[in-house]
Visitor: 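I'd like to ask you about the structure that follows.
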Amino acid sequence: MVTIEPELAPAPTPRPLDDARAQLRDAVERLGHDESVYAMLSVARRELSVSIPLRRDDGRVEVLTGHRVQHNLSRGPGKGGLRFSPDVGIDEVRALAMWMTWKCALLDVPYGGAKGGITIDPRAYSQAELERVTRRYTSEVSQLIGPDVDIMAPDVGTDERTMAWMMDTYSVGRGSTVLGVVTGKPVALGGSLGRAMATSRGVAYVSLLALERRGIRASGATAAVQGFGKVGRGAARLLHDAGVRVVAVSDADGVVHRADGIDVPDLERHVDRTGSVSGFAGADPLPGQRELLTLDVDLLVPAAVEAVVTEDNARDVRARILVEGANGPLTTVADAILQDAGCLVVPDILANAGGVVVSYFEWVQANQAYWWSVDEVESRLDARMQVAWDRVWDRAQRDGQSLRSAAMTLAVKTVADAHRLRGLYP
Ligand code: NAD
C-alpha cells in the first residue's frame with residue numbers, strides 16, 4: 001500500500017542570509033548609494049518552492065521540498081548550483097543566490113545570481129531514487145530555467161551525473177538537446193575540459209597569491225583543508241603539488257592530521273576505496289572540526305559548508321591566511337574578529353569563483369558547439385583569476401579595506417550600475 005507522508009521543510013537557518021545582507025549593506029554604504037539600492041538588491045527577483053513526490057525503492061512515497069531562487073538577472077541569465085543537503089532551507093538558498101550575483105559580477109561573467117536546493121540527505125538514497133528526485137525537480141522548475149534564463153550547476157551533494165539527468169529531463173521536455181541549460185556536465189555530454197577541477201584550481205591559485213603577498217614561500221608552508229569533496233579535495237591536491245604541506249584534512253565523517261604533511265594522492269586513493277578520510281593510515285585522527293579550524297597553520301581553507309567559523313571559535317583561529325573555498329564559511333562577526341587579528345581573509349566571491357568562470361566557458365562552448373583544449377580552459381581561467389585578484393587587492397590597498405569589502409564594493413557597483421543603466425520598468 002502506498003502512504004503519502006508530506007514532510008515539512010525544516011526551520012530555515014537565518015544566519016547566512018543575515019550575513020549576506022550585512023555584507024551588501026556595508027558595500028552600499030561604502031559606495032554612497034541610497035536605501036533603495038539596498039532594498040532592491042537585498043531580496044530575490046524570483047523564487048520558486050516546489051514539492052517533489054518521490055517513490056522510494058521499497059514502494060513508499062515521500063514528499064521532499066525544493067527551491068530555486070533567482071537573486072538578480074540584470075546582467076544576464078541566472079547562474080548557480082543545485083545543492084542536496086538535509087539542512088537546505090529557503091533562506092540558505094537566498095543567501096547563496098545573492099553571493100552568486102556578486103561572484104559573477106566580480107569575475108565579469110555575464111550572468112546574474114541564482115541557486116537551487118533540495119532538502120535531502122543524498123547519502124540516505126539510492127542512485128535510482130536520486131535520479132527520480134532530480135528529474136521531478138527539474139520538471140517542476142523547468143518553466144523558470146533555460147540557457148538564456150537560468151543555468152544550473154553542481155554544488156554540495158550533486159555532481160556531473162545530476163547535471164546529465166537535469167539536461168536530459170529539460171531536453172526531453174523541449175524536444176531537442178539543450179546543452180546550455182546546465183554546466184558541470186560530463187565531458188562526453190558537452191561538459192568542459194577543466195571544469196571538474198576549476199573551483200579547486202581557483203582556490204589554489206589565490207591561495208598561492210595570498211601566501212606570496214604575505215611573504216610566505218609555498219614550499220614548506222602549512223595548510224589545513226576542511227571538506228574533501230569537489231572543492232576541498234582538488235584544492236588539497238593542487239596545494240600539495242605546489243609544495244605546500246597539507247597537515248590536516250576533514251570531511252563530514254572525521255578529521256585527519258599529520259604534522260609532516262599528508263600524502264594527498266595517497267589519501268585520495270583511501271577516499272576512493274572507503275568513501276571518507278576517516279581511517280586513513282597515513283595520518284592521525286583529530287577529535288573534531290574545531291581542532292582543524294584552530295590549527296597553527298599558514299593557510300586555512302574551509303571548503304565544506306557555511307558558518308563554520310563563528311564568534312564561538314574565531315578567536316581561536318591561528319591561521320595567517322584564510323581562503324574561503326566554501327560559500328559563506330565565516331559569519332559576519334567571525335570575519336571582523338579575524339580581520340582584527342590580522343588574518344588575511346580571501347573572500348568566497350573571489351576565492352571560489354573558478355567554478356563559475358569555467359561554467360561560463362562551458363556554456364560558451366556549448367552555445368557554439370566548439371570545444372576548447374584543457375590548456376586553453378586553464379590558461380583563460382588563470383588569467384581571469386589574476387585580473388580579479390589584482391582588482392580586489394589594489395582596491396583594498398587603495399581604500400584601506402579588507403579584501404571582502406573591496407570585492408563586495410566592486411561587485412555591488414557593477415550590479416547597481418547595470419540596474420541604473422537599464423532603468424526601472426515601467
Ligand atoms: P561536495 O558535496 O562535493 O563536498 C562537501 C565536502 O564537505 C564533503 O567532503 C563533505 O563530507 C564535507 N562536509 C559536509 N559537511 C561538513 C561539515 N559540517 N564539516 C566538515 N566537512 C563537511 O561539495 P563541494 O561542491 O565541494 O562544495 C563545498 C563548498 O564549496 C560549498 O560551500 C559550495 O557552495 C562551495 N562551492 C562549490 C563549487 C563547485 O564548483 N562545486 C563552486 C563554488 C563554491
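Only heavy atoms go into these numbers, but all of them, side chains included; no hydrogens, no water, no symmetry mates. Remember, it's 1-based here, ligands and their atoms both numbered in the order they're listed.
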Visitor: Please state whether Arg233 comes within less than 4.0 angstrom of ligand 1, counting heavy atoms only.
Guide: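 Judged by the 4.0 Å heavy-atom criterion, Arg233 does not count as contacting ligand 1.
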Visitor: Is any NZ, NE, NH1 or NH2 atom of the basic residue among Arg380 and Asp375 found under 4.0 Å from an Asp or Glu carboxylate oxygen of the other?
Guide: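 No, this pair does not count.
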Visitor: Can you establish whether the number of heavy atoms outside Gln397 located under 6.0 Å from its atom CD is more than 12?
Guide: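 Correct, the count exceeds 12.
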Visitor: What I'd like to find out is whether the side chain of Pro147 reaches to under 4.5 Å of the side chain of Tyr170, using heavy atoms alone.
Guide: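 Result yes, sub-4.5 Å side-chain heavy-atom pair found.
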Visitor: Examine the proximity of ligand 1 to Ala303 and report which part, side chain or backbone, both or neither, has a heavy atom under 4.0 Å away.
Guide: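 Near ligand 1, Ala303 shows its backbone, while the atoms from C-beta on stay back.
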Visitor: Does Arg245 pair with Asp260 as a salt bridge, N-O distance under 4.0 Å?
Guide: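 No, Arg245 and Asp260 are not salt-bridged.
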Visitor: Test side-chain contact (heavy atoms from CB on, under 4.5 Å) on Val345 and Gln339; report intermediate values, then the result.
Guide: CA-CA 7 Å; Val345 175; Gln339 304 289 352; 3.8 Å; yes
Visitor: Taking atom types as modelled and ignoring hydrogens, do the side chains of Thr331 and Asp19 form a donor-acceptor contact shorter than 3.5 angstrom?
Guide: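 Not at all, the side chains of Thr331 and Asp19 share no donor-acceptor pair under 3.5 Å.
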Visitor: May I ask you to check if ligand 1 and Asp155 share an N or O to N or O distance below 3.5 Å?
Guide: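 Yes.
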Visitor: Could you identify the single nearest non-hydrogen protein atom to atom 41 (N) of ligand 1 and state the distance to 0.1 Å?
Guide: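 Closest protein heavy atom to atom 41 (N) of ligand 1: Lys230 CE, 3.6 Å.
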Visitor: Using a 4.0 Å heavy-atom threshold (strictly under), name the region of Glu306 that reaches ligand 1: side chain, backbone, both or neither.
Guide: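 It is neither part, as no heavy atom is under 4.0 Å.
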Visitor: For Val231 and ligand 1, does the shortest N/O to N/O distance drop below 3.5 Å?
Guide: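 Val231 vs ligand 1: N/O contact under 3.5 Å present.
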Visitor: Trp102 vs His71 aromatic rings, parallel, tilted or perpendicular, using cut-offs 30° and 60°?
Guide: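 Rings of Trp102 and His71: perpendicular, as their planes differ by over 60°.
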Visitor: Looking only at heavy atoms, is any part of Arg123 under 4.0 Å from ligand 1, and if so is it the side chain, the backbone, or both, or is it neither?
Guide: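 Arg123 to ligand 1: no contact under 4.0 Å from either part.
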Visitor: Geometry only, no angles: is Lys103 polar-contacting ligand 1 at N/O separations under 3.5 Å?
Guide: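 Checking ligand 1 against Lys103, no N or O pair falls under 3.5 Å apart.
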Visitor: Hey, is Arg214 close enough to Asp298 for a salt bridge, meaning N to O under 4.0 Å?
Guide: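 Between Asp298 and Arg214 there is no salt bridge, as every charged N stays at least 4.0 Å from the carboxylate O atoms.
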Visitor: Note the single closest protein heavy atom to atom 35 (C) of ligand 1, along with its residue, its atom name and the distance in Å.
Guide: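 Looking at atom 35 (C) of ligand 1, the protein heavy atom closest to it is Asn327 ND2, 3.6 Å.
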Visitor: Looking only at distances, can you tell me whether any N or O atom of Phe228, backbone or side chain, sits closer than 3.5 Å to an N or O atom of ligand 1?
Guide: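 Min N/O separation from ligand 1 is below 3.5 Å for Phe228.
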Visitor: Near Arg56 CZ, under 6.0 Å, is it more than 12 heavy atoms from other residues, nucleotides or ligands?
Guide: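 Enclosed.
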Visitor: Which protein heavy atom lies closest to atom 43 (C) of ligand 1, and at what distance to 0.1 Å?
Guide: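 In this structure, atom 43 (C) of ligand 1 has Asn352 O, 3.5 Å as its nearest protein heavy atom.
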Visitor: Is the contact between Thr199 and ligand 1 made by the side chain, the backbone, both, or neither, using heavy atoms and a 4.0 Å cut-off?
Guide: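 Answer for Thr199: side chain.
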Visitor: Identify, for atom 2 (O) of ligand 1, the protein heavy atom at the shortest distance, and state residue, atom and that distance.
Guide: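 Here the closest protein heavy atom is Gly157 N, 3.0 Å.
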Visitor: Out of Gly229, Ala304, Gly227, whose heavy atom sits nearest atom 28 (C) of ligand 1?
Guide: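 When every heavy atom of Gly229, Ala304, Gly227 is considered, Ala304 comes closest to atom 28 (C) of ligand 1.
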Visitor: Nearest heavy atom to atom 27 (O) of ligand 1 wins, so pick from Asp87, Val277, Val156.
Guide: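 Ranked by closest heavy atom to atom 27 (O) of ligand 1, first place is Val156.
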Visitor: Does the distance from a Lys or Arg side-chain N to an Asp or Glu carboxylate O, for Asp266 and Arg269, drop under 4.0 Å?
Guide: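 A salt bridge is present here (some side-chain N lies under 4.0 Å from a carboxylate O).
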Visitor: Mind checking whether Gln289 contacts ligand 1 via backbone (N, CA, C, O), side chain (CB onward), both or neither, at a 4.0 Å heavy-atom cut-off?
Guide: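 Near ligand 1, Gln289 shows its side chain, while the N, CA, C and O stay back.
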Visitor: At less than 4.0 angstrom from any non-hydrogen atom of Arg83, what atoms of ligand 1 do you find?
Guide: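 Going through ligand 1 atom by atom, the ones under 4.0 Å from Arg83 are 31 (C), 32 (O), 33 (C), 34 (O).
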Visitor: Would you check if there is a donor-acceptor pair between the side chains of Thr294 and Arg318 at a distance under 3.5 Å?
Guide: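 There is no such pair between these side chains.
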Visitor: Could you tell me if the ring centre of Tyr111 sits under 6.0 Å from that of Trp363?
Guide: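 Centroid distance Tyr111-Trp363: below 6.0 Å, so yes.
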Visitor: For atom 15 (N) of ligand 1, which of Ile349, Leu292, Val305 has the closest heavy atom?
Guide: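 Ranked by closest heavy atom to atom 15 (N) of ligand 1, first place is Val305.
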Visitor: Tell me which one of Ala252, Gly80, Gly81, Ser85 gets a heavy atom nearest to atom 14 (C) of ligand 1.
Guide: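 Ranked by closest heavy atom to atom 14 (C) of ligand 1, first place is Ala252.
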Visitor: Does the residue Met100 have a heavy-atom contact with ligand 1, meaning some pair of atoms that are separated by less than 4.0 Å?
Guide: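 Under 4.0 Å: no for Met100.
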